[in-house]
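Okay, so here's the structure we're looking at.
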Amino acid sequence: MDYKKIYINLDRCPERRKNFDESWERFEATDGKDLDDHPILDRMCSYWNISKKEHLCKCACFLSHYRVLESIVGRRLNRVIVCEDDVIPMNELPPPQELGPYFCYLGGYFSRLKMTEGPLKNDFPTSKQGLNELDRSSYRMMMMVAYYLPSWRIAEQLLAWIDFKVRVRALDVLMHSYPYPINYFYPAIFVEGDFQTTIHSKSRRKHPDVNYALV
């Protein structure tokens, strides 16, 4: 299957690399410990009560994805799967043509528009098998655990849009206002594994499943 597959991984998390075979390219994640004076620290919006460590890690996560996009553009890569290193594959990747011509989520979870109200629980959108358009007027897709870029030009478009913004938020939050079509593939191809998070001091108790529900 003609995909370029990339996973994002911190140097200090070598144990996660065993989940990826030689068909995957490792991309070195940005470490929050290296961002003490980076401009992203002032540009990134965070809640007032977030700790400095969490803010640094949040900025590092943003920069990791941003730099992956830069690499995709710089190398003119097409049909790219990007995953964080805590994913678990649950379904086979379909042929590239079935993932559509736009940015496409391959994992994550549905959330209410007002994020303080939390994830969807009993009112999930009706999804058909395969490609679905994300209805951003009704709900959000949270997390950036896995997504598909059909062309390097989509990555270039994303970067230009991000660069235009004076302030940014976590990328999954920011993507809700991305002014171009977004799809998701159902059921999800990847889910988040039960790994110790590198952002918070405690592991997540809930993880997204193949139905894009947080369980």
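Nothing here was measured: the structure is a model prediction, and the numbers come from that model. Hydrogens, waters and symmetry mates play no part in the numbers below; they use all other heavy atoms, side chains included.
- Hydrophobic clustering (side-chain heavy atoms under 4.5 Å, transitive across Ile, Leu, Val, Met, Phe, Trp, Tyr) keeps Ile50 apart from Leu35.
- No more than 12 heavy atoms of other residues, nucleotides or ligands sit less than 6.0 Å from atom NZ of Lys114.
- The list of side-chain hydrogen bond (donor to acceptor under 3.5 Å, both in side chains) pairs with a residue in residues 87-108, not counting sequence neighbours, is empty.
- Counting heavy atoms of neighbouring residues, nucleotides and ligands inside a 6.0 Å radius, atom NZ of Lys165 exceeds 12 of them.
- If you take CD on Glu192 and CG on Leu214, they are separated by 8.5 Å, rounding to the nearest 0.5 Å.
- Using modelled atom types, no side-chain atom of Asp172 and backbone atom of Met142 make a donor-acceptor pair closer than 3.5 Å.
- Residues Leu69 and Leu149 are in side-chain contact: their nearest non-hydrogen atoms beyond the backbone lie under 4.5 Å apart.
- Among all heavy-atom pairs drawn from Tyr212 and Pro187, the shortest one is CE1-C, 4.4 Å.
- Proximity of Val191 to Val145: side-chain heavy atoms (C-beta onward) are nowhere separated by under 4.5 Å.
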So Met144 and Val82, side chain to side chain contact (heavy atoms under 4.5 Å, CB included) or not? Walk me through it. CA-CA 9 Å; Met144 298 293 289; Val82 178; over 6 Å; no
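- Partners of Tyr184 under the side chain to side chain donor-acceptor pair (under 3.5 Å) rule, at least two apart in sequence or in another chain, are Ser127.
- The SG atom of Cys83 sits 6.0 Å away from atom CZ of Phe20, with the distance rounded to the nearest 0.5 Å.
- Not counting sequence neighbours, the partners of Asp123 by the side chain to side chain donor-acceptor pair (under 3.5 Å) test are Arg112.
- A search for side chain to side chain donor-acceptor pair (under 3.5 Å) contacts involving Asn122 returns nothing, not counting sequence neighbours.
- Residues Ile81 and Phe190 share a closest heavy-atom pair of CG2-CE1, 4.2 Å.
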Starting from the C-alpha separation in whole Å, work towards a yes-or-no answer on side chain to side chain contact (heavy atoms under 4.5 Å, CB included) for Ile182 and His176. CA-CA 9 Å; Ile182 296 179; His176 185 71; over 6 Å; no
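- Contact annotation: the side chain of Ser138 never approaches that of Phe110 to less than 4.5 Å [non-hydrogen atoms, C-beta and beyond].
- Taken from CD in Glu54 to SG in Cys59, the straight-line distance is 12.0 Å, to the nearest 0.5 Å.
- For the pair Met143 and Pro208, the tightest heavy-atom approach, listed with the atom from each and the gap, is SD-CG, 3.7 Å.
- To the nearest 0.5 angstrom, Arg169 atom CZ is 15.5 Å from Met175 atom CE.
- Annotation: side chain of Phe103 is not in contact with side chain of Tyr180 (no heavy-atom distance under 4.5 Å).
- Judged by distance alone, with hydrogens and angles left aside, the side-chain atoms of Lys52 form no donor-acceptor pair with the main-chain N or O of His55 at under 3.5 Å.
- Judged as a salt bridge (Lys or Arg N to Asp or Glu O under 4.0 Å), the pairs with a partner in residues 146-158 (not counting sequence neighbours) are, in order, Arg153-Glu156.
- A side-chain hydrogen bond (donor to acceptor under 3.5 Å, both in side chains) check over residues 65-75, counting only residues at least two apart or in different chains, returns the pairs Glu25-Arg75, Thr30-Arg67, His65-Glu84, His65-Tyr147, Tyr66-Asp163, Ser71-Arg75.
- Cluster membership check: Val215 does not share its hydrophobic cluster with Ile189, using side-chain heavy-atom separations under 4.5 Å among Ile, Leu, Val, Met, Phe, Trp and Tyr.
- Take Arg79 and apply the side chain to side chain contact (heavy atoms under 4.5 Å, CB included) test, not counting sequence neighbours, and it matches Asp2, Tyr3, Pro96, Tyr148.
- Arg76 is listed as a side-chain neighbour of Val73, based on a closest heavy-atom distance under 4.5 Å.
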Using the rule given for side chain to side chain contact (heavy atoms under 4.5 Å, CB included), can you reason through Leu106 versus Leu99, listing the C-alpha separation, both sets of side-chain angles and the distance that settles it, and then say yes or no? CA-CA 9 Å; Leu106 306 179; Leu99 293 182; 4.0 Å; yes
I'd like to know whether Ile162 forms a side chain to side chain contact (heavy atoms under 4.5 Å, CB included) with Leu171, so could you lay out the CA-CA distance, the side-chain angles of the two residues, the decisive distance to 0.1 Å, and finally the verdict. CA-CA 9 Å; Ile162 291 170; Leu171 192 54; 4.0 Å; yes
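- No side-chain donor from either of Arg16 and Asn9 sits under 3.5 Å from a side-chain acceptor of the other.
- With sequence neighbours excluded, no residue forms a side chain to side chain donor-acceptor pair (under 3.5 Å) with Tyr7.
- Taking every heavy atom of both residues into account, Asp85 and Cys13 meet most closely at OD2-CB, 4.3 Å.
- Listed by first and then second residue, the salt bridge (Lys or Arg N to Asp or Glu O under 4.0 Å) pairs that reach into residues 132-148 come to none, sequence neighbours excluded.
- With no hydrogens or angles considered, no side-chain donor-acceptor pair links Asp209 and Tyr109 at under 3.5 Å.
- Partners of Trp152 under the ring pair (Phe, Tyr, Trp, His ring centres under 6.0 Å) rule, at least two apart in sequence or in another chain, do not exist in this structure.
- Applying the salt bridge (Lys or Arg N to Asp or Glu O under 4.0 Å) test to pairs two or more places apart or on separate chains, none has a residue in residues 41-50.
- Residues Val80 and Ile154 fail the side-chain proximity criterion, which asks for heavy atoms closer than 4.5 Å.
- A donor-acceptor pair under 3.5 Å links the side-chain atoms of Lys58 to the main chain of Cys45, judged by distance alone.
- Take Asp31 and apply the salt bridge (charged side-chain N to carboxylate O under 4.0 Å, His left out) test, not counting sequence neighbours, and it matches Arg12.
- Within the model, atoms CG of Asn183 and CG of Asn132 stand 8.0 Å from one another, a figure rounded to the nearest 0.5 Å.
- Val173 and Leu113 are assigned to two separate hydrophobic clusters, defined by single-linkage of ILVMFWY side chains at heavy-atom distances under 4.5 Å.
- The two residues Ser64 and Ile8 have their closest heavy-atom pair at CB-CG2, 3.9 Å.
- Summarising the geometry of Met141 relative to Gly108, their closest heavy-atom pair is SD-C, 4.0 Å, with the distance given to 0.1 Å.
- Between the CD1 atom in Ile40 and the CZ atom in Phe62 there is a gap of 5.0 Å [rounded to 0.5 Å].
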